[in-house]
Amino acid sequence: MTTQQESRPQAAAKPVRWAADAVATMREGARLRLDYSAQSLWRVDRMIEELRREGTPYTAVETMLRGFGAYAGEVVVRQTGAEWWAGGGDHWVRTPDGRLWDPIDEARRCFAGDGSLRLLCRDATRGTARH
């Protein structure tokens with residue numbers, strides 16, 4: 001971590017916007033409804049897998065992957081009371097138990113065939129969900 005860190009709400013501004021953009025794009029372009037539920041991450045993982053299988057160039061989907069990662073981060077934030085943190089141009093989620101998660105990088109790993117936003121959410125919310 002860097003010495004200059006921002007906590008929510010400052011750090012949340014960009015990822016919250018990226019997530020909302022991804023939701024709107026999926027609703028309008030792919031007719032896919034994302035409702036910020038953990039279950040919706042199954043659809044996001046499948047969408048990323050489909051893009052990868054089609055051989056879509058990374059540069060063509062880089063912004064969408066960032067949005068999908070931010071969306072997954074928002075799912076974790078909303079389920080656990082986690083907070084977005086930022087430093088050095090990176091954004092990550094810190095769950096109440098102090099663990100740090102990088103859902104934006106996880107979306108990139110999904111596209112590379114080695115990641116899952118659904119599983120990241122499952123692991124991040126395990127034992128930390130709000131009651």
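Quick note: residue numbers are just sequence positions, from 1. Because only heavy atoms are used, hydrogens play no part in the values below, and waters and symmetry mates are left out as well, while side chains stay in. Treat the numbers as computed from the prediction; the structure is a model and nothing was measured.
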Checklist entry - If you look only at pairs with a residue in residues 105-116, which of them pass as a side-chain hydrogen bond (donor to acceptor under 3.5 Å, both in side chains), with sequence neighbours excluded? => result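 Every side-chain hydrogen bond (donor to acceptor under 3.5 Å, both in side chains) pair that includes a residue of residues 105-116, provided the two are not neighbours, is Asp45-Ser116, Tyr58-Arg108, Asp105-Arg109, Glu106-Arg109.
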Do you know the tightest heavy-atom contact between [X] and [Y]?
X	Y	value
Arg99	Asp97	NE-OD2, 2.6 Å
Pro96	Thr80	CG-O, 3.1 Å
Ala72	Leu117	CB-CD2, 3.8 Å
Cys121	Leu41	CB-CD1, 3.3 Å

Item to check | Under the side-chain contact (heavy atoms from CB on, under 4.5 Å) test, residues paired with Ser40 that sit two or more places apart | outcome: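 Ser40 satisfies side-chain contact (heavy atoms from CB on, under 4.5 Å) with Leu34, Asp35, Ser37, Arg43, Tyr71 once adjacent residues are dropped.
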Item to check | For Ala112, all residues meeting side-chain contact (heavy atoms from CB on, under 4.5 Å), sequence neighbours excluded | outcome: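 If we apply the side-chain contact (heavy atoms from CB on, under 4.5 Å) test to Ala112, skipping adjacent residues, there are no hits.
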Checklist entry - Linking Ile, Leu, Val, Met, Phe, Trp and Tyr through side-chain heavy atoms less than 4.5 Å apart, which residues share a cluster with Leu119? => result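 Members other than Leu119 - counting any ILVMFWY side chain reachable under 4.5 Å - there are none.
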Checklist entry - Between Trp84 and Lys14, is a side chain to side chain contact (heavy atoms under 4.5 Å, CB included) present by the stated rule, with each step listed? => result CA-CA 10 Å; Trp84 281 102; Lys14 286 181 181 179; over 6 Å; no
Next on the checklist: The test is side chain to side chain contact (heavy atoms under 4.5 Å, CB included); show your working for Val77 and Val93 and say whether it passes.
Outcome noted: CA-CA 7 Å; Val77 165; Val93 171; 4.1 Å; yes
Would you say [X] and [Y] make side-chain contact, with heavy atoms under 4.5 Å?
X	Y	value
Glu74	Val16	yes
Asp102	Asp90	no
Val76	Pro103	no

Next on the checklist: For Trp18, give me all partners under ring-ring contact (aromatic ring centres under 6.0 Å, His included), at least two apart in sequence or on another chain.
Outcome noted: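 Once residues adjacent in sequence are excluded, the partners of Trp18 under the ring-ring contact (aromatic ring centres under 6.0 Å, His included) criterion are His91.
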Side-chain polar contacts of residues 59-67 - donor-acceptor pairs under 3.5 angstrom, sequence neighbours left out - could you list them?
none

Next on the checklist: If the condition is salt bridge (Lys or Arg N to Asp or Glu O under 4.0 Å), which residues does Glu49 pass it with, not counting sequence neighbours?
Outcome noted: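 Salt bridge (Lys or Arg N to Asp or Glu O under 4.0 Å) list for Glu49, sorted by chain: Arg52, Arg53.
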Checklist entry - Rounded to the nearest 0.5 Å, what separation is found between the OG1 atom of Thr95 and the CD atom of Gln79? => result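 If I round to the nearest 0.5 Å, the distance is 12.5 Å.
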Checklist entry - Does Val44 belong to the same Ile/Leu/Val/Met/Phe/Trp/Tyr cluster as Leu120, with side-chain heavy atoms less than 4.5 Å apart forming each link? => result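 Val44 does not cluster with Leu120.
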Item to check | Selection residues 93-121 - residue pairs positive for ring pair (Phe, Tyr, Trp, His ring centres under 6.0 Å), sequence neighbours left out | outcome: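 Sorted pair list comes back empty.
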